[in-house]
Amino acid sequence: MEEERALVEMGVEDFDLAGTLSCGQVFHWERRGAGWVGAMGDSAVYLEQKEAKLFLSAGEEDRVRNYLSLDHPWQTIRESFPSDPALDLAVEFCGGMRIIRQPSWECLATFITSSLKRVEQIGKISLRLRRSFGERLECIGGEVFSYPRAEKIAGLREEDLRACGLGFRAKSLLGSARMIAEGQVDLVKVRAMDDEGAMEELRRLPGVGEKVANCGLLFGFERLGAFPIDVWIERVLIEGYFSGESGVSRERLREFTRDYFGRFGGYAQQYLFHHARTTGVRIGRQG
DNA sequence: CTCCAGGTTCCGG
DNA sequence: CCGGAACATGGA
């Protein structure tokens, strides 16, 4: 078919496309047939994996390689991990999953809208914002939409955002977009800061606390040592590393995760998160 | 109908 | 510094 010719093939090693796109680090990729469609920033692309081959929209090879972090040294990362029952299991389950390079604003904005929402809901909010206020793009799998720029959102009203299902998060997203549009926070400068400085700067934005800032740093600024602690990771840590002890303080968890998981701690975190969430380990809940 | 979701912020002790 | 509560919305 005519469309088939617009796909090119790329060899990949130690890579899992489905896991990478659906592990909860990015929320707007949609399944289309045997593959996925979505926007990498302002570029639409179709992606499909068959074993060690990746099929993608022609002309997007370099962007895809970069976006999917195919250059990350997966074996090195894996070997840098400590060995313990919880992490060993998660690494085996998540083999080939990459921390991708998301544009910093859309990553940060998406996580601002993530608080007290399930992963599926975060995706729906992202897609509604994109369809309502983003740019329409086309690729082989159909149409997709880019994430609206901070300047675009800054010009909207809170109720416009609430119409996309944001609830109380609308105020935070709007406030953050305005601070960035006005230049009060410069994400380009954040990129040049050290981890602590970047964290401090991001937390000036409304709706950005420690957890969201860490997600931003890990997924949007390639700080692979950042270790976001959410309710899932907290359970995993307490069950797997603190013998189920109750009342482990935030500070103790922070201190433990800062050194224990090594310089690629963010990778370990995402593997633990995805494994726990996917295998349905739910402590303190029935079912 | 009730409960809860990749949290943040504000408040009182 | 710490624990609690409010905060909107939608799906189970």
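Numbered from 1 within each chain, the chains take letters A, B, ... in sequence-line order.
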Is there a side chain to side chain contact (heavy atoms under 4.5 Å, CB included) between Met10(A) and Leu56(A) once you walk through the steps?
CA-CA 8 Å; Met10(A) 185 187 287; Leu56(A) 58 136; 3.8 Å; yes
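The side chain of Arg162(A) has dT9(C) as its nearest neighbour among dG6(B), dG11(C), dT9(C). The side chain of Phe111(A) lies closest to dG6(B), out of dG7(B), dG10(C), dG6(B). Of the listed nucleotides (dG6(B), dA5(B), dA8(C)), dA8(C) has the atom at the smallest distance from the side chain of Arg169(A). In the set dA8(C), dA12(C), dT8(B), dA12(C) carries the atom at the smallest distance from any side-chain atom of Arg118(A).
For the pair Phe227(A) CZ and dG6(B) C1', the computed distance is 13 Å after rounding to whole Å. At whole-Å resolution of the value, CZ in Arg204(A) and P in dT9(B) are 13 Å apart. Protein atom CZ of Phe168(A) is 9 Å distant from nucleotide atom C1' of dA6(C), rounded to whole Å. The distance between atom CD1 of Ile112(A) and atom P of dT9(B), rounded to the nearest whole Å, is 10 Å. The separation between Ile122(A) atom CD1 and dG10(C) atom P is 15 Å, rounded to whole Å. Put simply, CG on Asp230(A) is 14 Å from C1' on dC4(B), counting in whole angstrom units. In this structure, the CG atom of Leu161(A) is 20 Å from the P atom of dC7(C), given to the nearest Å. In this structure, Lys171(A) places its NZ atom 12 Å from C1' of dC10(B), rounding to the nearest Å.
Counting only N and O atoms by type, the side chains of His275(A) and Gln270(A) include no donor and acceptor under 3.5 Å apart. In summary, the side chains of Ser132(A) and Arg128(A) do not present any donor paired with an acceptor at a separation below 3.5 Å, with no hydrogens or angles considered. Arg169(A) and Thr113(A) are not linked by any side-chain donor-acceptor pair at a separation below 3.5 angstrom, with hydrogens and angles left out of the test.
Across dG3(C) and dG6(B), the matching P atoms stand 23 Å from one another, rounded to whole Å. Taking atom P on both dT8(B) and dG11(C), the two are 24 Å apart, rounded to the nearest angstrom. dC11(B) and dA8(C) have their P atoms separated by 15 Å, with the value rounded to a whole Å.
Nearest-nucleotide assignment on DNA chain B puts the 5′-proximal partner with Ile229(A), out of Ile229(A) and Val208(A). Nearest-nucleotide assignment on DNA chain C puts the 5′-proximal partner with Ser115(A), out of Lys124(A) and Ser115(A). The 5' end of DNA chain B is approached more closely, in terms of each residue's nearest nucleotide, by Pro228(A) than by the other of Pro206(A) and Pro228(A).
Taking only distance into account, the side chain of Glu234(A) never meets the base of dG6(B) through a donor-acceptor pair shorter than 3.5 Å. Gln270(A) contributes a side-chain N or O that forms a donor-acceptor pair with the base of dG6(B) under 3.5 Å. Not a single donor-acceptor contact under 3.5 angstrom links the side-chain atoms of Lys211(A) to the base of dT8(B).
Ring centroids of Phe111(A) and Phe27(A) are separated by less than 6.0 Å, placing the two rings close together. Aromatic ring centres of Phe261(A) and Phe81(A) lie farther apart than the 6.0 Å criterion allows. Ring centers of His28(A) and Tyr147(A): at least 6.0 Å apart, outside the cut-off.
In this structure, Phe273(A) counts as stacked on the base of dG6(B) under the 5.5 Å centre distance and 30° plane angle limits.
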Which atom pairs link the protein and nucleotides 11-13 of chain B when you take only N or O atoms and keep those under 3.5 Å?
none

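Across all strands shown, Ile233(A) has heavy atoms under 4.0 Å from base atoms, whether or not it also approaches the sugar-phosphate. Here Glu251(A) lies out of heavy-atom contact (under 4.0 Å) with every strand. Gly207(A) comes within contact range of the sugar-phosphate backbone alone, with a heavy-atom separation under 4.0 Å but no base atom that close.
Qualifying ring pair (Phe, Tyr, Trp, His ring centres under 6.0 Å) partners for Tyr271(A), counting only residues two or more places apart in sequence or in other chains: Tyr267(A). Applying the ring pair (Phe, Tyr, Trp, His ring centres under 6.0 Å) rule to Phe168(A) yields no partners; only residues at least two apart in sequence or on another chain are considered.
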